[in-house]
Amino acid sequence: MSWRVGTVTAARAETASARTLHLVVPGWPGHLAGQHVDIRLTADDGYTATRSYSIASAPSGHELEITVDELPDGEVSPYLVREVRPGDKLELRGPIGGWFVWRPSSPEPVQLVAGGSGLVPLMAMVRTHAREHSAVPMRLLVSAREPDALIYRDELAAMADDAAVEVTYAWTRRTPDAWPAPPARIDAELVSKSTWPVADAPTSFVCGPTGFVETAAALLTDAGHDPRRVRTERFGPTGGPR
Ligand SMILES: Cc1cc2nc3c(=O)[nH]c(=O)nc-3n(C[C@H](O)[C@H](O)[C@H](O)COP(=O)(O)OP(=O)(O)OC[C@H]3O[C@@H](n4cnc5c(N)ncnc54)[C@H](O)[C@@H]3O)c2cc1C
């Protein structure tokens with residue numbers, strides 16, 4: 001797969017540590033919701049660093065968005081979050097991934113489970129669902145540290161009005177004011193209350209830090225979901241939602 005050069009045409013902050021970059025990529029073949037790109041940075045001395053970033057946007061010609069959450073000691077993410085400016089060029093290749101994708105033509109109910117920045121590829125599915133005016137039932141269970149750490153917070157809140165996608169939040173460190181429950185990680189009770197019943201045979205997409213994905217996927221299969229219908233994407237090595 002060849003490397004292409006995209007131009008950053010806009011950048012917007014999502015949280016104190018996460019930023020969305022809008023890219024225009026000549027020759028981009030298009031993508032499916034759930035796929036990712038590899039981004040390659042090259043230093044003046046020729047040293048390169050390559051990292052994967054999920055595509056956040058619904059398919060849209062030769063444009064795409066990524067959302068990067070900064071790891072303070074990271075090699076690549078601080079540059080993408082703090083340094084890159086509109087007009088800058090980035091080398092990327094993709095789209096990558098054929099399993100962790102949602103096609104609007106799939107009739108099964110969809111269960112999305114996100115931890116932290118694992119929301120990014122699932123948001124591409126939510127946005128594709130909205131753009132296609134899909135009648136496929138879709139639910140999202142999203143775990144974040146606290147309201148200020150939730151990417152796409154306003155967009156998700158706005159979706160509550162039209163209820164096309166049902167969203168349930170799990171706050172792990174601090175809840176919004178007047179929230180009915182204390183902070184907690186997702187557990188069997190929340191999964192059983194907020195996700196599609198096994199009898200509905202949903203396809204589930206689980207994404208986030210490795211430990212989160214393992215926990216959430218195990219909760220779904222322990223609840224009786226067919227493991228072949230639980231698709232997972234692991235972003236990295238840490239345990240719980242960041
Ligand atoms: C398929 C795929 C899709 C991804 N999509 C996104 C995305 O949409 N948005 C996004 O922000 N990131 C995403 N990631 C993670 C991303 O590829 C990088 O791993 C992340 O940005 C850290 O890179 P870095 O160079 O800043 O840190 P590094 O220099 O690689 O690592 C710094 C330190 O952080 C640890 N670390 C590395 N990655 C993670 C992680 N994900 N979580 C916790 N600790 C980590 C390392 O072990 C190391 O100790 C994705 C990863 C994969 C595999």
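All ligand and atom numbering here is 1-based and tracks the order in the structure.
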Legend entry - Option of least heavy-atom distance to atom 6 (C) of ligand 1 (set: Phe100, Phe235, Tyr79): Phe235
Legend entry - Proximity winner for atom 30 (O) of ligand 1, if only heavy atoms of Glu75, Gln35, Arg51 are counted: Arg51
Near [X], which atoms of ligand 1 are under 4.0 Å from a heavy atom of that residue?
| X | answer |
| --- | --- |
| Val76 | 24 (P), 25 (O), 26 (O) |
| Val68 | 11 (O) |
| Pro78 | 26 (O) |

Legend entry - N or O contact, His36 vs ligand 1, cut-off under 3.5 Å: no
Inset, instruction - Please identify each residue that fulfils side chain to side chain donor-acceptor pair (under 3.5 Å) with Arg131, with sequence neighbours left out. - result: none
Inset, instruction - Report whether Ile96 and Trp28 are members of the same hydrophobic cluster (ILVMFWY, side-chain heavy atoms less than 4.5 Å apart, transitive linking). - result: no
Inset, instruction - Please check if atom CG in Asp45 has more than 12 non-hydrogen atoms from other residues, nucleotides or ligands closer than 6.0 Å. - result: yes
Inset, instruction - Taking atom CZ of Arg228 as the centre, report whether more than 12 heavy atoms of other residues, nucleotides or ligands fall under 6.0 Å from it. - result: no
Inset, instruction - Supply the atom-to-atom distance Arg229 CZ to Gln111 CD, rounded to the nearest 0.5 angstrom. - result: 13.5 Å
Legend entry - For ligand 1, the portion of Val120 having any non-hydrogen atom under 4.0 Å away: side chain
Legend entry - For ligand 1, the portion of Glu233 having any non-hydrogen atom under 4.0 Å away: side chain
Legend entry - Distance-only polar pair, side chains of Thr20 and Thr67, donor-acceptor under 3.5 Å: yes
Inset, instruction - Go through the steps to decide whether Thr50 and Asp38 satisfy the test side chain to side chain donor-acceptor pair (under 3.5 Å), and finish with yes or no. - result: CA-CA 6 Å; Thr50 302; Asp38 283 345; over 6 Å; no
Legend entry - Heavy atom of Thr67, distance to ligand 1 below 4.0 Å: yes
Legend entry - Close approach of Arg234 to ligand 1, heavy atoms, under 4.0 angstrom: yes
